[in-house]
Protein chains: 2
Amino acid sequence: MKFGGTSMAGIERIRRVAKIVKQQADAGHEVAVVVSAMAGDTDRLVNFCREASSLYDAAEYDVVVASGEQVTSGLLSIALQSLGAKARSWLGWQMPIRTIEAHSKARIETIDAGALTEAMKSGEIAIIPGFQGISQDGRITTLGRGGSDTSAVAIAAAVKADRCDIYTDVDGVYTTDPRIVTRARKLKTVTFEEMLELASVGAKVLQTRSVGLAMKENVKIQVLSSFTEEGVNYTADDLPGTMIISEDEMEESDMERQLITGIAHDKNESKITLTRVPDKPGAVANIFEPLAEAAINVDMIIQNVGREKGETDVTFTVPTNDLDRTMQVLDEARADIGYNRLISDSNVAKISVVGVGMKSHAGVASTMFKALADRGVNIQAITTSEIKVSVLIEEDYTELALRVLHTAYGLDAEDAA
Amino acid sequence: MKFGGTSMAGIERIRRVAKIVKQQADAGHEVAVVVSAMAGDTDRLVNFCREASSLYDAAEYDVVVASGEQVTSGLLSIALQSLGAKARSWLGWQMPIRTIEAHSKARIETIDAGALTEAMKSGEIAIIPGFQGISQDGRITTLGRGGSDTSAVAIAAAVKADRCDIYTDVDGVYTTDPRIVTRARKLKTVTFEEMLELASVGAKVLQTRSVGLAMKENVKIQVLSSFTEEGVNYTADDLPGTMIISEDEMEESDMERQLITGIAHDKNESKITLTRVPDKPGAVANIFEPLAEAAINVDMIIQNVGREKGETDVTFTVPTNDLDRTMQVLDEARADIGYNRLISDSNVAKISVVGVGMKSHAGVASTMFKALADRGVNIQAITTSEIKVSVLIEEDYTELALRVLHTAYGLDAEDAA
């Protein structure tokens, strides 16, 4: 079981978490719990580091910020004990959870879960601070923001858990953002691949890395809420959240599956166009090599036919956070690339329809294009993968597009307004 | 060097501490620094534990509260690095600092300072969270409130330090409380024994345990302030604070030493009298055995001559915090003890004159009694040790008594008002 920062924000909520955990232990399960820091605490600690020095040492940053989860681990253990359960905290260096040395963005290498498994077998609930481990030379490492999901999946794999329940402030994965589309439905199941596509385009329920790890280790994840009554009391036969499972299991469990699983949107992309780039071998490389060196993540790329012979327009998207840096890099590389104009537009949104079902069905993309065209939504760029079609549109049309597509793919809930 | 919670309260103060530490490192010293949590942080964490459960597990309490010093260790390392110094944090489990298993009130057993000493030799400043260690079974332990002074002395002994500078919010040890007696003088030197007597009667500059350990390990302590200019910039030839040293060193260094070193007061004692206790063998044991079992610390004990033959009145003092519990214990033991009346009085104060000089001089006590009698201060009880004379008086006379005695023993500063 994994509980995020909002579930751990304050003693009253930690008590509630203790009740949820105890209920599962009482049902006869061996339980390990991964916890985040109290909501806001990690920010407080990160800000301390920034104030102490703008160029802070990542190793010491790890020492500082790892303390947040240490606190909640101890407190949840105490809260569980006060309910009469056996519980103890296992810090990253105590198990240990070995990571690579990359401080503040480490990756888990190995988990020695021997003592932990023994303790769990004896009926003791194991409480583990998320987001942290220990390097080969014995110093605290952290996995980067949101790393607690990854910790939970890694622990679940290490103890060969039947299931990894990840508690957040939403009660599952929806067909699309329910704040925008009131007819959005909670999904009973979603595949790892779909979740990766949905997560990477803005449906921020789980950290992408954790889903990738779950897929690799084949760890079944349930996403559910610690704030609803269903999230407190449930049995393995009637799980309240959304299960994230492999495609094989999906095929067994859900014959009546929809073509499209969900529709995601991402407003944090910006579009950049370089006009009249020489249309010759190596020209495109001259654009994207300096961006790769600057660690800027380029997403959609479209090469348009140029107006003049021997020239072409190149359009691509980058995260809006990286827009200024991107413009600077391209400005400096102007001579090498040889473009005419450099144009940026942050007033765009990416809409993606995702579903493993589309592998075996044609027409998914054309349904999308037609539905949008019917409502006058202009498509600026298109990319596709095996289980996803994404289009770039003007940001102001985001909500309209989501509603139109949700209906077009037959995803609307029948009982909602 | 050791910095307390007020010195570490916030990034600005931590920067100031970094400057002080850097100055000593730049002077060519190898430096290890022990830090407390930010003032208020330990209280915050302790309250979390109490809220989580009134009967919290001390092992998990240790996990929670130890995080406060972990944070300040990391932050001081970052602040030092930003000044161009080499620095890193060494957590209790990293050195390791081994303690006994008594969670929340552990005692340091051994410190493996090998790697630490190597790092210091290479010019790296070692930052160590105070107040904590690791048990034999690899769990975090803490030394009890105020334990950081003890950590500092233990580390100083382990690395064979020339000196242990303990920074507090006062700039040294005074002949008496300068808030009460304006003519109080800062002492250049004081012996371990004197410091123990002064500390145990209310001059709360250092934790008593740390002084005892310093005496045992012969670690020279300097008490000084991180808030004054003298405390920032000084050399070994001109130390600004009060040195706490052994009696042997004192004799070498200070031939002109005063008879009395300081005068302490303690308002947190209460007086208890049992009247008409049977004057027979074992009667007194019947009083103090149940108190010892209840872990109540009895201080001054006076057995008065009884008014009736075969009976005696017994008076003693306990910390006012323990008064209610003491009364309860004695009430329950009434039949065993066989006293007539049980009387308590919390309106008392203990005044103690302390000085190694009094060992070789008679008349110290009589000077005290006469000076107090001259001003009409009634003495309710007296105890003496080799280097201390304590009297119990009515609490309202505390300030008067301190001023009178400070003058009577010739301690008044010449240049003060």
Side-chain angles (χ1 to χ4, degrees), chain A residues 8 10-12 14-15 17-18 37-38 41 44-45 47-84 86-96 115 127 129 134 137-140, chain B residues 10-15 17-18 37-38 41 44-45 47-84 86-96 115 127 129 134 137-140:
Chain A
M8 300 298 288
I11 299 297
E12 272 320 300
I14 290 175
R15 276 187 209 281
V17 166
M38 293 188 192
D41 212 28
R44 182 178 67 91
L45 296 166
N47 284 338
F48 277 149
C49 292
R50 289 199 181 129
E51 280 176 55
S53 170
S54 51
L55 292 167
Y56 52 77
D57 175 13
E60 298 300 342
Y61 164 95
D62 283 351
V63 169
V64 173
V65 298
S67 68
E69 285 77 9
Q70 181 174 326
V71 168
T72 47
S73 312
L75 292 175
L76 181 57
S77 302
I78 291 173
L80 273 164
Q81 289 166 356
S82 81
L83 297 179
K86 274 170 71 184
R88 75 155 271 199
S89 61
W90 292 82
L91 305 180
W93 54 268
Q94 285 172 333
M95 307 204 0
I127 315 295
I134 183 177
D137 64 346
R139 302 200 64 187
I140 292 179
Chain B
I11 299 296
E12 272 320 300
R13 290 191 181 175
I14 290 175
R15 275 189 210 281
V17 165
M38 292 189 193
D41 212 29
R44 182 178 67 90
L45 296 165
N47 285 337
F48 277 150
C49 293
R50 289 199 181 131
E51 279 176 55
S53 170
S54 50
L55 291 167
Y56 52 78
D57 175 12
E60 298 300 342
Y61 164 95
D62 283 350
V63 169
V64 173
V65 298
S67 68
E69 285 78 10
Q70 181 173 324
V71 168
T72 47
S73 312
L75 292 176
L76 181 57
S77 302
I78 290 173
L80 274 164
Q81 289 166 356
S82 82
L83 297 180
K86 276 172 68 185
R88 75 155 272 199
S89 61
W90 292 83
L91 304 180
W93 53 271
Q94 285 171 333
M95 307 206 355
I127 315 294
I134 185 179
D137 64 346
R139 302 201 64 188
I140 292 178

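Chain identifiers are assigned alphabetically (A, B, ...) following the order of the sequence lines, protein sequences preceding nucleic acid strands; residue numbering begins at 1 within each chain.
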(message) Once ring-ring contact (aromatic ring centres under 6.0 Å, His included) is applied, do any residues pair with Trp90(A), and if so which ones, sequence neighbours excluded?
(response) none

(message) Looking at every non-hydrogen atom in both residues, tell me the closest pair between Gly68(B) and Leu45(B) and how far apart they are.
(response) N-CD1, 3.8 Å

(request) Using atom types as modelled and distance alone, determine if a side-chain donor or acceptor of Gln70(B) lies under 3.5 Å from a backbone N or O of Pro129(B). (result) no

(request) For residues Glu69(A) and Val65(A), report the shortest heavy-atom separation together with the two atoms involved. (result) OE1-O, 3.5 Å

(message) For Glu51(B), which atoms come within 4.5 Å of any heavy atom of chain A: side chain, backbone, both, or neither?
(response) both

(message) For Leu55(A), which atoms come within 4.5 Å of any heavy atom of chain B: side chain, backbone, both, or neither?
(response) neither

(message) As an exercise: rank Leu75(A), Asp62(A), Leu76(A), Thr72(A) by heavy-atom pairs under 4.5 Å with chain B and give me the winner.
(response) Leu75(A)

(request) Determine the option with the most heavy-atom pairs under 4.5 angstrom with chain B, choosing from Ser53(A), Gly138(A), Ser89(A). (result) Ser89(A)

(message) Restricting to non-hydrogen atoms, name the atom on Ile127(B) and the atom on Ser77(B) that form the minimum distance, rounded to 0.1 Å.
(response) CG1-OG, 3.3 Å

(request) Under 4.5 Å heavy-atom distance to chain B, tell me which part of Leu91(A) shows up: side chain, backbone, both or neither. (result) side chain

(message) Less than 4.5 Å to any heavy atom of chain A: does that hold for the side chain of Gln94(B), its backbone, both, or neither?
(response) side chain

(message) Please classify the contact between Arg50(B) and chain A as side chain, backbone, both or neither, with a heavy-atom cut-off of under 4.5 Å.
(response) neither

(message) Taking side chain as everything from C-beta outward and backbone as N, CA, C, O, which of these in Ile14(A) sits under 4.5 Å from a heavy atom of chain B? Side chain, backbone, both or neither.
(response) neither

(message) Does any backbone or side-chain atom of Leu83(B) lie under 4.5 Å from a heavy atom of chain A? Answer side chain, backbone, both or neither.
(response) neither

(request) For residues 60-79 of chain B, pull every pair meeting ring pair (Phe, Tyr, Trp, His ring centres under 6.0 Å), keeping only residues two or more places apart or in separate chains. (result) Tyr56(B)-Tyr61(B)

(request) Check whether Ile134(B) gets within reach of chain A through its side chain, its backbone, both or neither, counting any heavy atom under 4.5 Å. (result) side chain

(request) Over all heavy atoms of both residues, which pair between Ala52(B) and Ile78(A) is shortest? Give the atoms and the distance, please. (result) CB-CG2, 3.7 Å

